[in-house]
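Step one of this worksheet: look at the structure below.
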Amino acid sequence: MADIEANGIHVDVQYINKAIRRSQRRIEHKKRALQKTDVYRQWRRTFGSRMKLGAREQMSTVLFDVMGVPAPAARTASGKVKMDEAVLNTVDHPFVQQWLAIEKLKKAMSTYLKGLLVETVDGYMHPFFNLHTTQTYRSSSDSPNFQNIPVRDPVIGKLIRTAIIPRPGRCIVESDISGAEVRTSSNYNKDPRLIKYILDPSSDMHRDMACECYMLEQSEVTKRTRAAAKSYFVFAQFYGDWYIDCARRLWEGIHTDKLTTASGVPLDVHLRKKGITRLGRLDPKAEPIPGSMEGHIRKVERDFWHKRFPVYHQWKQDWYDAYRKQGWFETLTGFVCSGYMKRNEAVNYPIQGSAFHCLLWCLIRLQNEMKRRKMETLVVGQIHDSIVADVVPSEMDEYTGLVVDIVTRQLQKHWDWIEVPMAIDIEASGVDRPWVEKKEVSVA
DNA sequence: AAACAGTGCGCG
DNA sequence: AAAGCGCGCACTGTTT
């Protein structure tokens with residue numbers, strides 16, 4: 001980690017400065033449109049010079065108390081109206097959507113464009129990669145945090161990742177351990193059904209759960225629907241979520257993610273034909289209403305743990321019971337977690353920690369080997385299950401070959417508890433091209 | 001002015 | 001009985 005920190009990563013300072021000016025203009029432009037609205041005038045009247053456009057509490061007062069817009073039910077820990085993006089998307093008022101768009105840009109501007117710039121000296125920034133800060137024995141990163149640079153939103157991702165570039169004449173190469181935590185979990189729980197899903201390339205757990213959750217034939221599952229099932233159901237369940245929240249997110253996802261069947265039928269229309277006509281009351285104490293998503297997902301959840309992954313289910317119980325008896329546990333990579341933990345924490349920490357330790361072992365091995373071979377390629381960052389490097393083009397094949405060998409073969413030889421090996425996915429930018437342009441490269 | 005709590009949001 | 005896990009950073013509003 002110290003070597004990586006010393007190497008540092010190249011930043012296109014000229015681009016950032018331009019992007020800051022451009023984004024500033026865009027924010028001002030959007031603000032001027034807001035200033036013409038009733039809500040804005042009312043806000044100014046209520047708070048006068050104390051008015052701050054970023055103050056969600058003020059906006060809550062203006063919208064729900066002063067103007068009488070119906071308030072959503074969700075509350076924060078301290079009892080105020082919850083004002084995050086998910087809740088505000090349920091507020092039926094044009095002002096709110098314009099305001100959210102401004103906040104999104106402001107986030108990109110302050111945390112990322114300006115945040116990266118202040119940490120950059122002579123064109124390079126040197127993020128810290130800490131190994132001593134987390135509950136789980138993962139790493140963390142700060143000043144700047146290199147582990148949360150935008151990527152999911154394509155527009156914001158491009159705005160920020162265009163600023164991150166290779167050293168002159170090089171490429172940025174990102175090597176990602178695919179399904180690191182699922183594979184690691186299978187080395188704890190040894191569920192044969194889960195292992196089959198991982199090892200059999202013709203099977204697809206997320207597609208199968210999309211079929212269950214949205215009552216679809218395999219051929220009707222689109223990429224988006226698969227992605228929704230993956231994040232709103234499969235991963236949520238693996239980390240300990242429950243049917244009430246899964247049902248809500250799967251249901252809302254139909255609209256926010258514009259989910260349809262492969263033949264173009266909106267999934268709410270499709271579900272209605274299958275007899276699911278509403279979300280349900282989402283009351284865990286009451287029996288779900290017949291024909292509700294809530295009742296349907298409760299059944300899918302039961303089936304998921306009792307029929308599909310019973311061994312994983314049993315492991316969770318046994319692991320938690322053992323922790324409660326002892327007050328601590330040791331991970332497969334030899335780290336001890338102790339102190340008070342909730343059930344979900346106790347079963348998630350070992351997986352998260354050991355998955356990272358697989359990456360860490362590979363990273364150390366990689367850097368030692370590159371030094372031994374006197375290679376010029378430099379590792380410049382790490383994001384929990386991926387390695388970012390500044391690769392000299394003449395060393396590209398050697399570098400990717402080395403990474404593949406270490407991750408898919410050497411790692412398994414080193415730790416005898418690895419029954420399910422790791423797999424890898426490598427993406428690279430062109431020479432002198434920014435991180436945002438990374439594309440899949442095929443490796444042997 | 002500095003410190004702190006609360007909230008929200010970016011990533012894996 | 002409980003009800004996704006882990007982080008760091010910016011901003012607001014209040015207290016020291």
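Every heavy atom of this structure was used, including side-chain atoms; hydrogens, water molecules and symmetry mates were not. A quick note: this is a predicted structure, and the numbers were derived from the prediction, not measured. Naming convention: chains lettered A, B, ... in sequence-line order (proteins, then strands); numbering from 1 in each chain.
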In sequence, state the C-alpha distance, the side-chain angles, and the governing distance for A/Q42 and A/D38, and then conclude on side-chain hydrogen bond (donor to acceptor under 3.5 Å, both in side chains). CA-CA 6 Å; A/Q42 200 56 253; A/D38 281 351; over 6 Å; no
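Among the heavy atoms of the strands, none lies under 4.0 Å from A/E181. Backbone-only contact: A/K342 has heavy atoms under 4.0 Å from sugar-phosphate atoms and none from a base. Across all strands shown, A/R152 has heavy atoms under 4.0 Å from base atoms, whether or not it also approaches the sugar-phosphate. Contacts of A/V151 with the nucleic acid, taken as non-hydrogen atoms under 4.0 Å apart, involve only primed sugar atoms and P, OP1 or OP2. Residue contacts shown for A/S141 are limited to sugar-phosphate atoms, with no base heavy atom under 4.0 Å away. When heavy atoms are screened at a 4.0 angstrom cut-off, A/E103 is found touching no nucleic acid atom at all. Residue A/S386 is out of contact with every strand shown, counting any heavy-atom pair closer than 4.0 Å. Among the heavy atoms of the strands, none lies under 4.0 Å from A/R343. Among the heavy atoms of the strands lying under 4.0 Å from A/R249 is at least one base atom, whether or not backbone atoms are also near. Note on A/N348: only backbone sugar-phosphate atoms sit closer than 4.0 angstrom, heavy atoms only; bases stay farther off. Across all strands shown, A/E345 has heavy atoms under 4.0 Å from sugar-phosphate atoms exclusively, and none from any base.
Ion pairing between A/E57 and A/K52 fails under the 4.0 Å rule for side-chain N and carboxylate O. A/E252 has no carboxylate O lying under 4.0 Å from a charged side-chain N of A/R249, or vice versa, which leaves the two without a salt bridge. We find that A/E85 and A/K107 are not joined by a salt bridge, their nearest charged nitrogen and carboxylate oxygen being 4.0 Å or further apart. Ion pairing of A/R193 with A/D191 is absent here, as no side-chain N (NZ or NE/NH1/NH2) approaches a carboxylate O to less than 4.0 Å.
No side-chain donor-acceptor contact under 3.5 Å links A/D321 and A/Q317. Under the 3.5 Å distance criterion, with hydrogens and angles disregarded, a donor-acceptor pair is assigned to the side chains of A/Y239 and A/E181. At a cut-off of 3.5 Å, with distance as the only test, no side-chain donor of A/S141 or A/Q147 sits close to an acceptor on the other residue. A donor and an acceptor atom, one from each side chain of A/Y188 and A/S354, are located under 3.5 Å apart.
In this structure, A/R183 contributes its side chain and A/V420 its backbone to no donor-acceptor pair below 3.5 Å. A donor-acceptor contact shorter than 3.5 Å is absent between the side chain of A/R207 and the backbone of A/V221.
By the ring pair (Phe, Tyr, Trp, His ring centres under 6.0 Å) test, A/W435 is found to be paired with A/F146, residues two or more places apart in sequence or in another chain being considered. In terms of the side-chain contact (heavy atoms from CB on, under 4.5 Å) criterion, residue partners of A/V182 (sequence neighbours excluded) are, by chain and number, A/L194, A/I198, A/M205, A/F235, A/F238.
Where DNA chain B meets chain A (any atom under 4.0 Å from a heavy atom), the bounding nucleotides read 5' to 3' are B/dG6 to B/dG12. In the 5' to 3' direction, nucleotides of DNA chain C lying under 4.0 Å from heavy atoms of chain A begin and end at C/dA3 to C/dG13.
Heavy-atom distances under 4.0 Å link DNA chain C to no residue of residues 293-328 of chain A.
Projected onto DNA chain C by closest heavy-atom contact, A/E57 and A/N130 fall at different nucleotides, the more 5' of which corresponds to A/N130.
Cation-pi geometry between A/K316 and A/Y320 is not satisfied (NZ or CZ under 6.0 Å from the ring centre, within 45° of the ring normal).
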Just the dot-bracket of DNA chain C, please: which string comes out with Watson-Crick or G-U pairs under 3.5 Å, [ ] for crossing, | for another strand? ....||||||||||||
